[in-house]
Amino acid sequence: MTLSDSHLGTWAKTPIPHLAEPCWEDLSRLPIEPSDEPLVPMSLAPEPVKVFPAYARLGIPGAVPECYVRESVYRRLLAVARALPDGIGLVVLDGWRPWRVQQYLFDTLYETIHTHHPEFDEATLLERTREFVSVPSRDPLAPSPHLTGGAVDVTLCDADGLMLDMGSLFDEASPASHSDYLERLNDLDERKRRARDYRRLLYHAMCAQGFTNLPSEWWHYDYGDQLWTHYGGHARALYGPTELDTIESRWRRQL
Ligand SMILES: C[C@@H](N)C(=O)N[C@H](C)C(=O)O
Ligand SMILES: [Zn+2]
């Protein structure tokens, strides 16, 4: 289904600004005042929110078949979806992530880059991997963003539920995934111009609800974690690492 330019509105006409990559060492020093806000399942959200737990669908070991997020993140994502033009839906691909999945993603990308570039030294390998996967960390002072339930990976779909072409694939580990990549190209063909406009639409709809974006990934947004503290200019983060409630922990609290 093709949506007309005028239908996409002013967000799609407003460029994505260029932002510098984060310095992860500086981020880890930002204070966290942890809230006990619960993790809630995105799949209970009404239309136009859609949920496709990408890592569980890919069979990644330890991945959960649901996208859990903190309650404030849930409410904000619902508001984002409701603010999109008619006929466009918000697809949530990942939210809270178990440490094991973060480790699997990190190790897999690290090994893949190492195989393709045996000449890279350790520091370069780490830098290239970090561009697309954060270092796995359960440290209460410096958790990986997705372990907090504040980070989300999202995209857009049309009224038929088909994901829109955003100019690179979700998790594509290439410069084309940088949020402002299409802003920097001249002479875009029709396909790339539409992808640029969809990225802009997603970016401004998310920012209007208080999310911040990771500049190396058009799909990754944060609320309440240390990336959000940095890019949003906040005094402190709201979320530390968290875990899903188990039946054992629930009963232990109740008895
Ligand atoms: C793996 C990718 N979807 C993602 O979320 N990357 C960021 C950098 C992360 O792992 O926190
Ligand atoms: Zn992410």
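Just so you know, ligand 1 is whichever comes first in the structure, and atom 1 is the first atom listed for that ligand. Residue indices begin at 1 and follow the sequence shown.
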Practice problem: Kindly assign one of parallel, tilted or perpendicular to the pair Tyr110 and His114, based on the angle between their ring planes and the thresholds 30° and 60°. | Solution: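 Ring orientation of Tyr110 relative to His114: tilted.
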Exercise. Output yes when a side-chain donor or acceptor of Arg199 lies under 3.5 Å from a complementary backbone atom of Met166, and no otherwise.
Key: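 Side chain of Arg199 to backbone of Met166: a pair is present.
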Quiz item: If only atom types and distance count, is the side chain of Ser137 paired as donor or acceptor with the main-chain N or O of Asp139 below 3.5 Å?
Solution: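 Yes, because the side chain of Ser137 sits within donor-acceptor range (under 3.5 Å) of the backbone of Asp139.
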Quiz item: Under 2.8 Å from the Zn ion (ligand 2), how many protein N/O/S atoms can be counted?
Solution: 3
Exercise. Identify whether the distance between the nearest side-chain nitrogen and carboxylate oxygen of Glu183 and Lys192 falls below 4.0 Å.
Key: no
Can you find a side-chain donor-acceptor pair between [X] and [Y] that sits under 3.5 Å?
X: Tyr239; Y: Asp36; answer: no
X: Ser249; Y: Thr246; answer: yes
X: His7; Y: Asp86; answer: no
X: Arg70; Y: Tyr74; answer: no
X: Ser28; Y: Gln226; answer: no
X: Glu131; Y: His178; answer: yes
X: Ser168; Y: Trp218; answer: yes

Practice problem: Kindly confirm or rule out an N or O of Gln102 lying under 3.5 angstrom from an N or O of ligand 1. | Solution: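 In this structure, Gln102 places an N or O atom under 3.5 Å from an N or O of ligand 1.
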Quiz item: Mind checking whether Asp153 has an N or O less than 3.5 Å away from an N or O of ligand 1?
Solution: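 There is such a contact, yes.
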Quiz item: Under 4.0 angstrom from ligand 1, any heavy atom of Glu131?
Solution: no
Self-check item: Min heavy-atom dist Trp219 to ligand 1 below 4.0 Å
Solution: yes
Considering only the protein, which heavy-atom contact is closest to [atom], and what is its distance?
atom: atom 2 (C) of ligand 1; result: Asp171 OD1, 3.2 Å
atom: atom 11 (O) of ligand 1; result: Ser134 OG, 2.5 Å
atom: atom 4 (C) of ligand 1; result: Glu217 OE1, 3.4 Å

Which of the numbered atoms in ligand 1 are below 4.0 angstrom from a heavy atom of [X]?
X: Leu214; value: 8 (C)
X: Phe132; value: 1 (C), 2 (C), 4 (C), 6 (N), 7 (C), 8 (C)
X: Tyr55; value: 1 (C), 2 (C), 3 (N)

